[in-house]
Amino acid sequence: MGDYYRGGGGRGPPRHRNKRQREDDDHDRDRVYRRPHHESLFVRLQKEFLALAESPLVLIEDVVKSITKLFTSNYENEELRRGFRALIQQLVVEQPFKIPFVASVVLVSNSINPTAGADIISDSYAAAQKYLDSGDFTSFKLVLRLLGCCQGLFLDDGIFKFLDALLDKAELLKGAGHENIALEFTRIVMITLPYIVSSSANDDEQKAKAGRILERTGPLSQIPSSLANLLRPLKSNAVGEPMIQILQQQLVGESEQGWALTAVPRPWQTFKADLDAANKYQFPELNIPVEYKNVDETTLIPDVYFSVFAHQEIETVPATTHIASSLFRDSINDTLNILDFNRIAVARFLVDIDCYFSPDSFLKRATPFDRVEEVAAGRSTWKPEDVAVDAVFSQLLRLPNPKHKLIYYHSVFTEMCKIAAAAVAPSLGRAIRFVYSSVESMDIEVSNRFIDWFSHHLSNFGFTWKWTEWEANLRLSDIHPKKAFILGAIEKEIRLSFPSRIKGTLPEPYQVLIPEAKEKDIPFFKYDSDDTAFSTEGKEVFSLLKDKKPEAEVDAVLETVTRTATEQNLRGDPGSYARDIYITSICYLGAKSLSHVLSCIERCKEKLLYIGQESPEARRQIVQSVMGYWADQPGVGANVVDKLLNYSVLTPSSVVEWALIDAGPAALSQNHVWEMVSTTVNKVNNRVRQIVASRPIYAAPPPPPEVEGQDGAEAAEAYASLTAAAQEEFTAILATYEATLENARVEQRQIADLVLQSLVKIANGVQRTPEEEEAIEAVLLALDDDAAREEYRGWMKWMGGQWLRAFARRYWTEGVVREDEVRALGI
């Protein structure tokens, strides 16, 4: 009992330790000791530098002081010195918004520690030369911008001497026929000027030098009107002018007003006295390559101005007369196209755009549109979310091609809505309404891209939209652009979900657009109806394919069908009835999913290839049978046709001919038909590009190993023999390559002629065959009066003209047709 009663020497009740104390002791015994974590100086500096200018709650001057103090006072630390210098160059080419702030860090660092400043400038020279040599013009432009912001560090003319040399090169390139590279060099010079003039070297002498440079850029910034018209996304006074020409006009306007440049941040101003007293350096000689053989000039086609907010009475984005319009767009576009590997970071930068320009440039975020003037109270009415949304749309709808896959820009919008829904969603709503209201004057390719984005975006947010706003347009004919937009968007939504789900999101007047046939998981097999010709044989063929019977049994039934059609003298090709039965049965058999239909195609591939080789008409009929079966789900049918094209069952010409000749008068207004023709044409063009990129290069064989006792003459003779054999082999390989490339180019030209000639006839109202005219007349007879019929014919011609313009632009970009051929088309 003595062990039970412990302590104090007295007797009394036992003292139990409470439960919480016991648990705390147990936790202490289980705790593993960890050494305290100390961040290195470079990690601390890196974190602070990467967050530069991202918070509006912190004075940028204090951040610059903190960074430069930590950097310069520990410059002897090799890890910090090398790491931070590399980080500066990386940040410049990845986060363009921050370049003026990075330049302030460089300037202040130079005023404290000249060695540090000289080293950073040297790194920038090397980076600029590397990008210039490799043809990476975007990165070169951004490094040059950093150097322009650091103009106060340079003696004499500084960067202006190099800008003159760049314009000299642009003049030579333009004279040599390399207009796109010449325009790119000119644009780089022009977009750099505002940052030079707003740098710490800001004085009348710098402004005069900028004005002299500007006089030289005027003639170099002109673009042929034929090219500008092809790239115009919208017939509007405010939209479609080349951005480089707008920039020239803006810079001239700024020079006349004394280069105010109110939107450009000037974080160096607090340190002006120290910067003036700091060391200065000579601007280095950067060598401009003689030519750029490896640069694809089609990627340098200049942008044209496109805005979804330029029409508003209240100016929520800068007007095209204001230099801020080009400065904002340039930084946003570079951020979008450089950081494509991190859409979340891009979305964050765009939402925070007001942090990276002058404080008074923007309104407060998420200001309601109807309160803009009230909140602005005489100051800027620019909404940061409008500026960001406008720029992303300009890249999504860029002609002739966006710089990344369309899905990337879709995802950026989605992430922006996740980060700041209250600000971004209303801006997107106004953008959607503008595009829809302008669809009658919009380029058909732009319209179809917008339909793809619109339906995809709605799928990420519950398919909710105020469809009641467009109810009046449901009375329009299906070929009218506004009605076609509605039909295309709903069809895309169904492909991204399922019919009954989409039908539940639509108001009552829209319900008729999703009939009962669309809601079926598996389309009706027409041969189940006794009213269909050869229904018995159709069901028999399906049963044989389902049971995986030998091909001979299937062929026997099909031969019976062909023979019967011949004996009864049925209309058309007797073999067409058998082909339709076979193709429709495959579609029905694989209707459960795309994987099912691919499995059926793979199993019946030999027979399908045989049918496809019978004649061009047979291949067109395959397309007709597929699209006929999937008539209520045409997007699925288009996907199946694309798979048959991949299997070489179909040829590109058969798909194009079906779409432009066989599909009917309203086909050009349907989004899935555009998708079919566009995808097919792109496949042919990409094949040529891939062959060109894979051109074989001769590599001399290595000398044979030395053989004991063999003299030099014998070794030379043996090597010469080896070289001759290698050259002969390479010659044979090159001849095969050239033949392959020539065949691909011939096919490309044939498809181009087929597409353009067919569209010219549609645009001019000329029909190719009596069957087409008969189909059109059948549609026209269903209309109410002569005015409606005339309007229908007018929209048919309009659609043909829009398609012609889009594909002429595409083939001109690829170099398949010349500029004079495009003009001859009457575009």
Side-chain angles (χ1 to χ4, degrees), residues 183 186-198 207 210-211 213-223 225 228-229 231-266 302-334 353-354 356-363 369 372-373 376 378-395 397-398 427 430-431 434 438 441:
L183 285 169
T186 305
R187 189 178 72 87
I188 288 172
V189 171
M190 292 165 65
I191 202 67
T192 304
L193 287 178
Y195 295 95
I196 299 173
V197 176
S198 58
K207 294 176 181 178
I213 290 288
L214 196 56
E215 291 175 0
R216 295 191 61 190
T217 60
L220 290 170
S221 63
Q222 298 305 307
I223 296 176
S225 59
N229 288 334
L231 300 176
R232 187 182 291 272
L234 185 67
K235 292 180 181 178
S236 167
N237 294 331
V239 176
E241 189 175 351
M243 287 289 292
I244 190 171
Q245 293 179 4
I246 293 176
L247 177 58
Q248 175 72 21
Q249 297 163 9
Q250 292 168 345
L251 290 172
V252 170
E254 281 294 320
S255 66
E256 292 172 351
Q257 296 173 14
W259 296 97
L261 299 169
T262 54
V264 180
R266 294 170 173 83
D303 287 357
V304 300
Y305 181 76
F306 179 81
S307 173
V308 293
F309 300 122
H311 64 290
Q312 299 175 149
E313 294 180 1
I314 302 173
E315 191 179 279
T316 61
V317 297
T320 54
T321 55
H322 200 294
I323 187 64
S325 171
S326 293
L327 296 179
F328 293 164
R329 278 288 178 89
D330 184 72
S331 293
I332 294 173
N333 291 351
D334 286 343
I353 185 177
D354 51 348
Y356 306 113
F357 294 93
S358 295
D360 297 329
S361 297
F362 295 101
L363 280 173
F369 181 73
V372 166
E373 291 184 322
R379 293 177 288 114
S380 171
T381 57
W382 301 338
K383 288 168 59 64
E385 53 272 12
D386 277 19
V387 171
V389 166
D390 209 28
V392 179
F393 272 124
S394 75
Q395 292 300 291
L397 306 178
R398 179 181 183 269
S427 295
R430 284 185 286 114
F434 167 74
S438 307
S441 58

Problem - Partner set under side chain to side chain donor-acceptor pair (under 3.5 Å) for Thr316, not counting sequence neighbours - result: Gln312, Asp386
Fill in the blank from the handout: Looking only at heavy atoms, the pair that brings Leu251 and Pro194 closest together is CD2-CG, 3.8 Å
Exercise for the section: Tell me, please, which residues at least two apart from Ser331 pass side chain to side chain contact (heavy atoms under 4.5 Å, CB included). Expected result: Phe97, Arg145, Tyr195, Phe357
Exercise for the section: Would you check if the side chain of Glu254 reaches a backbone N or O of Leu261 as a donor-acceptor pair within less than 3.5 Å? Expected result: yes
Problem - Closest heavy-atom pair and its distance - Tyr305, Pro318 - result: OH-O, 4.1 Å
Handout entry: Side-chain heavy atoms of Ser221 within contact of Leu247, under 4.5 Å
Key = no
Handout entry: Distance in Å, Glu373 CD paired with Ile314 CD1, rounded so as to fall on 0.5 Å steps
Key = 4.0 Å
Handout entry: Pairing of Arg398 and Asp303 as salt bridge, 4.0 angstrom limit
Key = yes
Problem - Shortest non-hydrogen contact between Val252 and Leu214, atoms and distance - result: N-CD2, 3.6 Å
Handout entry: Spacing of OG1 belonging to Thr321 relative to CD belonging to Gln249, to within rounding of 0.5 Å
Key = 9.5 Å
Practice task
With the side chain counted from C-beta on, respond yes when Ser325 and Ile246 share a heavy-atom pair under 4.5 Å apart, and no when they do not.
Solution key: no
Handout entry: side chain to side chain donor-acceptor pair (under 3.5 Å) involving Thr217 - partner list, sequence neighbours excluded
Key = Gln248
Practice task
Could you list the residues that satisfy salt bridge (charged side-chain N to carboxylate O under 4.0 Å, His left out) with Arg266, not counting sequence neighbours?
Solution key: none
Practice task
Output yes when a side-chain donor or acceptor of Ser307 lies under 3.5 Å from a complementary backbone atom of Phe309, and no otherwise.
Solution key: yes
Completion exercise
Residue set satisfying salt bridge (charged side-chain N to carboxylate O under 4.0 Å, His left out) with Arg187, at least two apart, ordered chain then number -> Glu184, Asp330
Completion exercise
Smallest heavy-atom separation, Ser380 atom then Ser361 atom, equals OG-O, 2.7 Å
Practice task
Go through the structure and list residues passing ring-ring contact (aromatic ring centres under 6.0 Å, His included) with Phe362, not counting sequence neighbours.
Solution key: Phe328
Exercise for the section: Go through the structure and list residues passing side chain to side chain contact (heavy atoms under 4.5 Å, CB included) with Thr262, not counting sequence neighbours. Expected result: Ala260, His322
Practice task
Kindly indicate whether the side chain of Arg329, heavy atoms from C-beta on, has any atom under 4.5 Å from the side chain of Asp390.
Solution key: yes
Practice task
Work out which heavy atom in Ile244 is nearest to a heavy atom in Leu183; give both atom names and the distance.
Solution key: CD1-O, 3.5 Å
Handout entry: Glu385 and Ser427 side chains, donor-acceptor separation under 3.5 Å
Key = no
Fill in the blank from the handout: Distance col, row Leu397:CG vs Leu234:CG, nearest 0.5 angstrom, shows 10.5 Å
Exercise for the section: For the pair Lys383 (side chain) and Leu363 (backbone), establish whether a donor and an acceptor sit closer than 3.5 Å, ignoring hydrogens and angles. Expected result: no
Exercise for the section: Please identify each residue that fulfils side chain to side chain contact (heavy atoms under 4.5 Å, CB included) with Ala210, with sequence neighbours left out. Expected result: Phe160, Leu193, Val197, Trp259
Exercise for the section: Identify the heavy atoms of Met243 and Ser326 that sit nearest to each other, and give their distance. Expected result: CE-OG, 4.3 Å
Fill in the blank from the handout: Those residues at least two apart in sequence (or on a different chain) that pass side chain to side chain donor-acceptor pair (under 3.5 Å) with Glu315 are Trp382
Problem - By side chain to side chain contact (heavy atoms under 4.5 Å, CB included) - contacts of Gln245 (at least two apart) - result: Gln222, Ile223, Glu241, Pro242
Exercise for the section: State which residues pass salt bridge (charged side-chain N to carboxylate O under 4.0 Å, His left out) with Arg216; sequence neighbours excluded, sorted by chain then number. Expected result: Asp164, Asp168, Glu171
